[in-house]
Amino acid sequence: MIDFKMENRSDIKILVAGDFMIDKYLYSKVSRISPEAPVPVATVSHVEQKVGGAGNVALNIKALGSNVRVLTCIGTDNVGDQLIDKMKEAEVDTDFIYRDNSRKTSIKTRVVAQNQQLLRYDEELVTDVGNEFSDYIKEKSDSIFNGVCAVILSDYGKGILTKNIAQEIITQAQKRKIPVLVDPKGNDYTKYSGATICTPNLKELTEAVNAKSLKTENEILNSAYRLCNENNIQYILATRSEKGMSLICKDKLEKSDFPAIAKEVCDVTGAGDTVISAMAVGISLGYSLDICCKIANIAASIVVSKFGAETASVDEIND
């Protein structure tokens with residue numbers, strides 16, 4: 001048994017790059033249908049704002065007792081100010097948040113009643129980041145990667161992790177022998193070439209190999225193995241909901257399965273963020289991939305038993 005508490009996690013610093021946003025929750029009570037249209041009337045009792053997207057990855061790493069540096073590009077708007085303030089409150093290193101007045105910082109608003117989402121509406125403009133951000137990464141690379149033990153690319157498809165940007169970050173990490181973990185988006189995995197681990201869920205894996213479905217264990221193995229080899233990715237860690245996770249290496253046509261930990265599921269939001277965060281911390285501590293997967297599995301089982309994008313603490317994992 002590994003006691004997560006005994007490790008000196010405060011020596012670990014992980015770089016999280018990707019799409020940062022604000023998640024806004026309108027908590028309400030519904031007791032009637034509107035006379036104006038056949039829709040529920042939600043009476044809002046309170047409002048809560050959290051850091052979402054790649055920001056949830058950063059908060060998961062902090063919950064595991066490690067340090068975080070973030071790399072992203074956001075707007076010069078009020079939502080961007082709020083995002084930076086919340087990151088600073090969580091003691092996250094925000095020195096490398098690049099601000100661009102042509103961008104709009106994403107905010108996703110969820111109307112919630114009785115722990116169920118009634119509606120989500122997004123305020124965002126999805127456009128690829130400009131060349132200025134790529135130049136900024138090249139110029140600041142020594143400072144950005146200084147003291148970093150692992151890199152996470154948290155891709156939500158909002159235009160931060162373009163192929164050019166993703167490859168620049170992976171190349172800079174490889175120069176310094178820093179492992180790169182990717183939570184992918186879309187079906188072009190060439191943008192993640194050179195990554196250490198990619199963590200698609202089963203739906204994302206299916207789409208990445210242009211399959212209609214992946215129903216058998218052999219289909220999952222062969223598809224992940226092909227994805228690794230065609231895109232120079234060392235490992236695919238396929239997350240499979242109630243079936244847990246499967247780890248496949250590009251050097252060997254076999255997979256290791258990690259069954260899900262039985263827990264009542266309340267909300268699967270953010271489970272992928274938790275998995276990749278726990279993997280990055282475990283790898284930085286020098287744990288084997290087998291142990292990292294087991295810790296990540298436990299952490300994911302904890303967060304899906306909570307409502308919203310939540311984190312798993314070290315104490316919860318040890319318990």
- Message: If we check side chain to side chain contact (heavy atoms under 4.5 Å, CB included) with Ile61, which of these qualifies: Thr274, Ile12, Val16?
- Response: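 That would be Val16; it is the only one of Thr274, Ile12, Val16 passing the side chain to side chain contact (heavy atoms under 4.5 Å, CB included) with Ile61.
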
Do [X] and [Y] have side-chain atoms, one donor and one acceptor, less than 3.5 Å apart?
| X | Y | value |
| --- | --- | --- |
| Glu91 | Asn67 | no |
| Thr216 | Asn218 | no |
| Asp273 | Asn60 | no |

Under a 4.0 Å N-O cut-off, is there an ion pair linking [X] with [Y]?
| X | Y | value |
| --- | --- | --- |
| Lys215 | Glu219 | no |
| Lys24 | Glu123 | no |
| Asp23 | Arg110 | yes |

Heavy-atom closest contact ([X] atom, [Y] atom, distance):
| X | Y | result |
| --- | --- | --- |
| Asn187 | Ala208 | CB-CA, 3.8 Å |
| Ile236 | Ala224 | CG1-O, 3.8 Å |
| Arg240 | Ile220 | NH2-CD1, 3.3 Å |
| Ile295 | Ala278 | CG2-CB, 4.3 Å |
| Pro179 | Cys149 | CD-O, 3.3 Å |

pair [X]-[Y]: side-chain heavy atoms closer than 4.5 Å:
| X | Y | result |
| --- | --- | --- |
| Ile14 | Val151 | no |
| Leu83 | Met87 | yes |
| Val180 | Gln174 | no |
| Val70 | Phe20 | yes |
| Arg120 | Asp122 | yes |
| Leu153 | Asp183 | no |
| Glu217 | Asp257 | yes |

- Query: With Tyr189, which residues qualify under ring-ring contact (aromatic ring centres under 6.0 Å, His included), at least two apart?
  - Reply: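 Applying ring-ring contact (aromatic ring centres under 6.0 Å, His included) to Tyr189 gives Tyr192.
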
- Would you verify whether the NZ or CZ of Lys50 falls within 45 degrees of the ring axis of Tyr25 while also being under 6.0 Å from that six-membered ring's centre?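 Yes; both conditions hold, so Lys50 lies above the ring face of Tyr25.
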
- If you round to the nearest 0.5 Å, how far is CD1 of Ile165 from CD1 of Ile160?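 One gets 8.0 Å once the value is rounded to the nearest 0.5 Å.
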
- Item | Interatomic spacing from CG in Asn222 to CG in Leu253 - rounded to 0.5 Å |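 Between Asn222 CG and Leu253 CG, I get 5.5 Å after rounding to 0.5 Å.
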
- Message: Once salt bridge (charged side-chain N to carboxylate O under 4.0 Å, His left out) is applied, what residue pairs with a partner in residues 148-176 remain, sequence neighbours excluded?
- Response: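 Counting only pairs at least two positions apart or across chains, the salt bridge (charged side-chain N to carboxylate O under 4.0 Å, His left out) contacts touching residues 148-176 are Glu124-Lys158, Asp142-Arg176, Asp155-Lys191.
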
- Does Val112 offer a backbone N or O that forms a donor-acceptor pair with the side chain of Ser28 under 3.5 Å?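 Yes, because the side chain of Ser28 sits within donor-acceptor range (under 3.5 Å) of the backbone of Val112.
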
- Item | Sequence neighbours excluded, every pair satisfying ring pair (Phe, Tyr, Trp, His ring centres under 6.0 Å) that has a member inside residues 32-78 |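 Only Tyr27-His46 qualify under ring pair (Phe, Tyr, Trp, His ring centres under 6.0 Å).
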
- Task: Test Arg99 against every option in Thr105, Asp81, Thr76 by the side chain to side chain donor-acceptor pair (under 3.5 Å) rule and name the one that passes.
- Result: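 Considering Thr105, Asp81, Thr76, a side chain to side chain donor-acceptor pair (under 3.5 Å) with Arg99 is found only for Asp81.
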
- Message: Test side chain to side chain contact (heavy atoms under 4.5 Å, CB included) on Lys108 and Ile22; report intermediate values, then the result.
- Response: CA-CA 6 Å; Lys108 298 179 181 296; Ile22 289 288; over 6 Å; no

